[in-house]
Amino acid sequence: MKYLKDFNHIQLTEDTVLSLGKFDGLHRGHELLMKSVFEKARMGLKSAVFTFDVPPQSAAGHMQQVITTNVEKQRLFQENGIDYLIECPFTKEIMHMQAEQFIEEIAKRLCVKWIVVGTDFRFGHNRRGDYRMLLQYAGLYGYQVQVVQKMQHRGRDISSTYIREEIEKGNIELANELLGYPYFIQGKIMHGNQIGRTIGFPTINIEPPLQKLLPPFGVYASYVWLDGRRYGGITNIGKKPTIQGKHPVSAETYIYDFAEDVYEKEARVDILHFVRPELKFKNVDELAKQLKKDLDYGKNYLS
């Protein structure tokens with residue numbers, strides 16, 4: 001997959017089928033979009049996705065947390081086999097670009113022959129553009145348009161908003177069902193305070209970026225992906241209230257039957273099932289007793 005950021009200097013030379021959207025979490029609501037993109041790509045076109053580097057609300061000064069960070073989003077699109085991912089910086093110029101000009105820019109710069117969008121896709125200044133406008137200009141710029149209906153779950157459109165709500169409530173199983181894969185946290189393994197190691201529970205630590213939407217603080221059964229291999233784990237998401245000092249929010253994971261030095265490596269932690277809320281214990285001994293219970297519960301769940 002080719003990852004492109006500088007939209008003003010992009011000029012593709014291969015004909016493309018393009019889908020556009022925020023794509024926060026490449027979820028089941030996007031399945032029909034991606035299916036249509038790959039069907040068109042089999043006609044000899046390159047598959048391309050256009051998205052922005054931040055949600056429009058964040059660019060306007062209202063930071064919106066995301067299901068998948070840009071790095072995580074890149075990984076998902078690469079795994080899905082997209083040829084081009086265009087991650088356009090949401091600059092003031094883009095923010096104020098009229099919808100008609102936006103259509104001209106993408107049609108010419110991205111060599112578009114097909115555009116695949118959902119019924120709710122909006123673009124351009126004040127969100128004036130929609131699929132009807134794309135259809136209106138199709139003849140002028142020589143592309144065709146396919147409009148894809150929303151997939152539903154329990155009578156509601158599957159959307160990033162729906163999934164964010166369920167993650168915030170701690171309904172991880174439902175969020176994972178809507179995503180079509182486990183909600184995950186990806187990042188570099190950091191050096192922690194190594195308290196876990198001293199009480200017999202060595203862990204790996206990942207500090208998610210501020211924009212990453214996290215479920216309620218607590219303990220979760222999880223899978224950990226390291227060097228292409230999957231391991232069972234138990235993950236605490238939170239601030240370690242039992243340990244003295246100020247700690248950033250982290251995803252701290254004990255990996256079953258694992259003792260390798262993996263500091264500075266990239267890891268992905270799939271969050272599967274809520275075990276208990278994060279608690280503050282009187283001392284480290286009480287913490288160790290509870291961790292033993294958590295590990296037993298997690299092993300039973302994963303088996």
How about K40: does its NZ atom have over 12 heavy atoms from other parts shown lying under 6.0 Å from it?
yes

Any side-chain heavy-atom pair from L12 and L4 closer than 4.5 angstrom?
yes

Identified ring pair (Phe, Tyr, Trp, His ring centres under 6.0 Å) partner of H30 from the options F77, F121, F23:
F23

With distance as the sole test, does R128 use its side chain to make a donor-acceptor pair with the main-chain N or O of Q98 at under 3.5 Å?
no

Would you confirm whether K46, through its side chain, and V17, through its main-chain N or O, come within 3.5 Å as a donor-acceptor pair?
no

Separation between CD1 of I234 and OG1 of T253, rounded to the nearest 0.5 Å
9.0 Å

Give, for atom CD of Q211 and atom CD of Q65, the distance between the pair rounded to the nearest 0.5 Å.
8.5 Å

R156 and E165 ion-paired at < 4.0 Å
yes

Nearest heavy-atom pair of F52 and K73: which atoms, and what distance?
O-NZ, 4.1 Å

Ignoring hydrogens, what is the shortest heavy-atom contact between P248 and E207? Give both atom names and the distance.
CG-OE2, 3.5 Å

Counting C-beta onward and ignoring hydrogens, is there a side-chain heavy-atom pair between E93 and N8 closer than 4.5 Å?
yes

Quick one: does E105's side chain have a donor or acceptor within less than 3.5 Å of a partner on L110's backbone?
no

Could you tell me which residues satisfy salt bridge (Lys or Arg N to Asp or Glu O under 4.0 Å) with K35, sequence neighbours excluded, listed by chain and number?
none

Taking the side chain as every heavy atom from C-beta outward, state whether N283 and E286 have any atom pair closer than 4.5 Å.
yes

Just so I know, are the side chains of L272 and Y301 near enough to count as touching, which here means a heavy-atom distance under 4.5 Å?
yes

Would you name the heavy atoms of L295 and Y256 that are closest together and state the gap between them?
O-OH, 2.6 Å

Side-chain touch L140/I103, heavy atoms, less than 4.5 angstrom
no

Step-by-step side-chain contact (heavy atoms from CB on, under 4.5 Å) determination, Y220 to V269
CA-CA 10 Å; Y220 295 84; V269 180; over 6 Å; no

Whether the side chain of Y297 engages the backbone of V275 through a donor-acceptor N/O pair (distance < 3.5 Å, no angle test) should be reported.
no

Does the side chain of L302 reach to within under 4.5 Å of the side chain of Y223, using non-hydrogen atoms?
yes

When you measure from the side chain of T68 to the backbone of G25, do you find a donor-acceptor pair of N or O atoms at a distance under 3.5 Å?
yes

Between E72 and R268, is there a side-chain N and carboxylate O pair less than 4.0 Å apart?
no

Is the backbone of K239 close enough, under 3.5 Å, to the side chain of E278 for a donor and an acceptor to pair up by distance?
yes

Contacts of D6 meeting salt bridge (Lys or Arg N to Asp or Glu O under 4.0 Å) (sequence neighbours excluded), chain-then-number -> none

Let me have the donor-acceptor pairs involving side chains of residues 178-185, under 3.5 Å, with sequence neighbours excluded, atom names and distances please.
{"unit_1": "Y181", "atom_1": "OH", "unit_2": "L26", "atom_2": "N", "d": "3.2"}
{"unit_1": "Y183", "atom_1": "OH", "unit_2": "L213", "atom_2": "O", "d": "2.5"}

Heavy atoms only: give me the nearest M1-Q78 pair and the separation to one decimal.
SD-N, 3.7 Å

Please walk me through it: do Y162 and H153 pass side-chain contact (heavy atoms from CB on, under 4.5 Å)?
CA-CA 10 Å; Y162 186 6; H153 179 272; 3.4 Å; yes

Determine, stepwise, if the pair N236 / D294 fulfils side-chain contact (heavy atoms from CB on, under 4.5 Å).
CA-CA 10 Å; N236 183 83; D294 296 338; over 6 Å; no

Just how far is it from atom CG of L32 to atom CE of M151, taken to the nearest 0.5 Å?
4.0 Å

Shortest non-hydrogen contact from C88 toward F7:
SG-CB, 3.7 Å

Looking only at atom types and distance, does a side-chain atom of S19 sit under 3.5 Å from a main-chain N or O of V116, one as donor and one as acceptor?
yes

L33 and M43: same hydrophobic cluster, using ILVMFWY side-chain contacts below 4.5 Å?
yes

Would a 4.5 Å heavy-atom cut-off, applied to side chains only, mark H27 and I158 as touching?
yes

Is there a chain of hydrophobic side chains (I, L, V, M, F, W, Y, each step under 4.5 Å between heavy atoms) that links I206 to L226?
yes

Applying ring pair (Phe, Tyr, Trp, His ring centres under 6.0 Å), name anything that partners F102, two or more places apart in sequence or on another chain.
F50, F123

Quick one: are I86 and I106 in side-chain contact, heavy atoms under 4.5 Å?
no

Quick one, T51 with L85, criterion side-chain contact (heavy atoms from CB on, under 4.5 Å). Give me CA distance, side-chain angles, the key distance, then yes/no.
CA-CA 8 Å; T51 188; L85 174 60; 4.1 Å; yes

So the side-chain hydrogen bond (donor to acceptor under 3.5 Å, both in side chains) pairs with at least one residue in residues 136-145 (sequence neighbours excluded) are none

From CD (Q146) to CG (L134), nearest 0.5 Å
13.0 Å

Result for side-chain contact (heavy atoms from CB on, under 4.5 Å) between I237 and one of P216, S250, S222, P215 points to P215

If the test is side-chain contact (heavy atoms from CB on, under 4.5 Å), which one of L18, V37, T16 qualifies with S47?
V37

D15 meets the side-chain contact (heavy atoms from CB on, under 4.5 Å) criterion, sequence neighbours left out, with L45, C111, K113

At what distance, to the nearest 0.5 angstrom, does CG of L291 lie from CG of D296?
11.0 Å

What is the minimum heavy-atom distance between A251 and T235, and which atoms define it?
CB-CG2, 4.1 Å

Look at R164 together with D24 and state whether they make a salt bridge at an N to O cut-off of under 4.0 Å.
yes

Under a 3.5 Å distance rule, please check whether D130 uses its side chain to pair with a backbone N or O of R132 as donor and acceptor.
yes

Under the 3.5 angstrom rule, does the side chain of D83 hit a backbone N or O of K2 as a donor-acceptor pair?
no

CD-OG distance between E31 and S36, expressed to the nearest 0.5 angstrom
11.5 Å

Counting neighbours of NZ on K289 that are heavy atoms of other residues, nucleotides or ligands and sit closer than 6.0 Å, is the number greater than 12?
no

Under a plain distance cut-off of 3.5 Å, with no hydrogens placed, do Q74 and N70 share a side-chain donor-acceptor pair?
no

